[in-house]
Asks: 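The structure is given below, and queries will be raised subsequently.
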Amino acid sequence: MPRLDSANTATRPTKLGLGFFRASAAEVARALIGKVLVRHVEGVRLRARIVETEAYLGPQDLASHSSRGRTRRTETMFGPPGRAYVYLIYGIYDMLNVVVGTEGEAHAVLIRAAVPLDGWEAKLTGPGLLARGFGVTRAENGVTVTGKELYFQTSPGYRPNIAITPRIGIEYAKEWKDAPLRFVDENAIT
DNA sequence: GCGTCGATGGCA
DNA sequence: GCCATCGACGCG
């Protein structure tokens with residue numbers, strides 16, 4: 001009797017490759033719910049299951065930084081997918097995003113919250129705290145998210161219960177403020 | 001429990 | 001003069 005492949009892959013997390021990030025921002029944002037963010041830094045491995053994301057589209061999306069055009073800050077967004085777009089907000093917090101879609105499109109997914117794994121104690125209940133908890137700062141702007149220090153994994157056997165809502169903190173974005181581009185895992189307590 | 005507000009810096 | 005935020009504070 002042959003061993004079932006699905007039984008194999010169902011027990012071991014696999015790393016998400018570049019292809020995963022070539023889809024639309026909404027698709028990637030939704031697909032990242034329940035996946036695991038992994039960070040290797042200074043000999044330590046940090047892992048957390050993603051429970052909240054938001055999709056930011058190209059220049060037409062008034063909530064997206066790309067709507068202000070290609071500038072020094074947004075340069076990474078307009079680059080190839082599969083890289084981290086990290087910027088400072090309110091002078092205090094760094095935000096971790098992943099560039100997705102195709103190069104030049106400037107679509108990105110904001111990682112907003114996660115649940116720490118492996119006994120790691122951390123508060124990752126918002127984008128500012130998440131980046132801080134993972135030690136991600138603007139120094140990581142432009143690094144690949146399919147490398148050794150920062151990457152995503154599947155979470156075999158985990159089934160998120162996904163809710164879709166408007167994005168947070170973008171009241172200024174006119175007709176885009178109500179766009180259903182925020183994805184939340186209802187299994188998690190937020 | 002909820003609303004309000006200050007911190008703090010890069011950006012257009 | 002804005003912010004893709006957070007936590008502290010004041011209510012009652």
Side-chain angles (χ1 to χ4, degrees), chain A residues 21 23-35 37 39 46 48-101 104-116 120-143 145 150 152 160 162-186 188-190:
Chain A
F21 302 99
S24 76
E27 286 177 278
V28 176
R30 183 187 181 104
L32 276 179
I33 298 296
K35 298 297 190 297
L37 176 60
R39 171 113 168 105
L46 305 173
R49 187 161 34 82
I50 296 164
V51 300
E52 183 182 353
T53 60
E54 282 175 359
Y56 286 86
L57 312 187
Q60 79 278 15
D61 177 3
L62 295 179
S64 177
H65 289 172
S66 60
S67 70
R68 317 286 291 232
R70 188 169 188 154
T71 67
R72 177 140 77 260
R73 179 172 69 158
T74 60
E75 189 61 28
T76 302
M77 268 192 97
F78 285 86
R83 293 189 187 178
Y85 169 48
V86 187
Y87 66 91
L88 182 72
I89 190 67
Y90 301 118
I92 303 176
Y93 299 103
D94 289 294
M95 299 279 165
L96 172 60
N97 301 250
V98 180
V99 180
V100 303
E105 205 175 26
H107 289 207
V109 173
L110 172 64
I111 314 298
R112 288 189 57 90
V115 175
W120 177 29
E121 309 241 348
K123 207 175 162 199
L124 308 173
T125 57
L129 295 179
L130 182 140
R132 174 182 292 176
F134 273 98
V136 169
T137 70
R138 280 163 293 161
E140 277 68 44
N141 184 39
V143 305
V145 298
L150 187 63
F152 295 87
I162 299 176
I164 307 177
T165 80
R167 293 169 291 181
I168 303 297
I170 55 154
E171 290 304 303
Y172 60 88
K174 300 185 178 173
E175 71 269 21
W176 283 89
K177 75 180 169 62
D178 294 319
L181 293 174
R182 174 173 173 254
F183 302 85
V184 185
D185 185 355
E186 297 276 273
I189 305 164
T190 319

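In the text below, chain A, chain B and the rest are named by the order of the sequence lines, each starting its count at 1. Predicted, not measured: the structure shown is a model, and the values here were computed from it.
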Asks: Return yes if some donor-acceptor pair links the side-chain N/O of N97(A) with the main-chain N/O of Y85(A) below 3.5 Å, else return no.
Replies: yes
Asks: How many Å lie between CG on L88(A) and C1' on dC2(C), as a whole number?
Replies: 14 Å
Asks: Quick one: the dot-bracket string of DNA chain C, using Watson-Crick and G-U wobble pairs with both distances under 3.5 Å, [ ] for crossing pairs and | for bases paired to another strand.
Replies: |||.|||||||.
Asks: Atom CE of M95(A) and atom C1' of dC6(C): how far apart are they, to the nearest Å?
Replies: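 My rounded result for the distance is 9 Å.
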Asks: Would you grab the first and last nucleotide of DNA chain B (5' to 3') that comes under 4.0 Å of any non-hydrogen atom in chain A?
Replies: dA7(B) to dA12(B)
Asks: To the nearest angstrom, how far is R73(A) atom CZ from dC3(C) atom P?
Replies: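 Taking CZ of R73(A) and P of dC3(C), I get 11 Å after rounding.
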Asks: How would you label the contact of G128(A) with the nucleic acid (heavy atoms, under 4.0 Å): base, sugar-phosphate, or nothing?
Replies: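 Counting heavy atoms under 4.0 Å across all strands, the contact made by G128(A) is with sugar-phosphate only.
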Asks: Give the rounded distance in Å between these two atoms: CG of L96(A) and P of dA4(C).
Replies: 16 Å
Asks: Round to a whole Å and report the spacing from CG of L62(A) to P of dC3(C).
Replies: 12 Å
Asks: Rounded to whole angstrom units, what separation is found between the OH atom of Y87(A) and the P atom of dA4(C)?
Replies: 6 Å
Asks: Where is the tightest heavy-atom contact between T53(A) and R30(A), given as atom of each residue plus distance?
Replies: OG1-N, 4.5 Å
Asks: I need the CD1-P distance between I168(A) and dC6(C), as an integer number of Å.
Replies: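 It works out to 10 Å between those atoms.
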Asks: Looking for any heavy atom pair under 4.0 Å, which part of the strands does R138(A) touch: base, sugar-phosphate only, or nothing?
Replies: sugar-phosphate
Asks: Mind calculating the distance between CG (L124(A)) and C1' (dG7(C)) to the nearest angstrom?
Replies: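 These atoms are roughly 17 Å apart.
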Asks: Look at the side chain of R167(A) and the backbone N and O of A55(A), then say whether any donor-acceptor pair between them is shorter than 3.5 Å.
Replies: yes
Asks: Which class fits the ring pair F152(A) and F21(A): parallel under 30°, tilted 30 to 60°, perpendicular over 60°?
Replies: tilted
Asks: Considering only the C1' atoms, how many Å lie between dG7(C) and dG10(B), rounded to the nearest integer?
Replies: 22 Å
Asks: So, T74(A) side chain and M77(A) main chain: donor-acceptor pair closer than 3.5 Å or not?
Replies: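 Judged by distance alone, no pair lies under 3.5 Å.
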Asks: Which part of the nucleic acid does I170(A) contact within heavy-atom distance under 4.0 Å: base, sugar-phosphate only, or nothing?
Replies: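 Since only primed, P, OP1 and OP2 atoms lie under 4.0 Å of I170(A), the category is sugar-phosphate.
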Asks: I'd like to know if the side chain of S66(A) and the backbone of L57(A) have a donor-acceptor N/O pair within less than 3.5 Å.
Replies: yes
Asks: Please report the shortest heavy-atom distance between F134(A) and L46(A), naming the atom on each side.
Replies: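 Smallest interatomic distance, heavy atoms only, reads CE2-O, 3.8 Å.
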Asks: Going by the side chain to side chain contact (heavy atoms under 4.5 Å, CB included) test, name the single residue among I170(A), V109(A), L181(A) that passes it with Y56(A).
Replies: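 One option only clears the test, and that one is I170(A).
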Asks: Short question: side chain of E54(A), backbone of I168(A) - any donor-acceptor pair under 3.5 Å?
Replies: yes
Asks: Can you check whether K123(A) has a side-chain N or O nearer than 4.0 Å to OP1 or OP2 of dG7(C)?
Replies: yes
Asks: Can you find a side chain N or O atom of Y93(A) that sits less than 4.0 Å from OP1 or OP2 on dT5(C)?
Replies: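 Checking Y93(A) against dT5(C): no side-chain N or O falls below 4.0 Å of OP1 or OP2.
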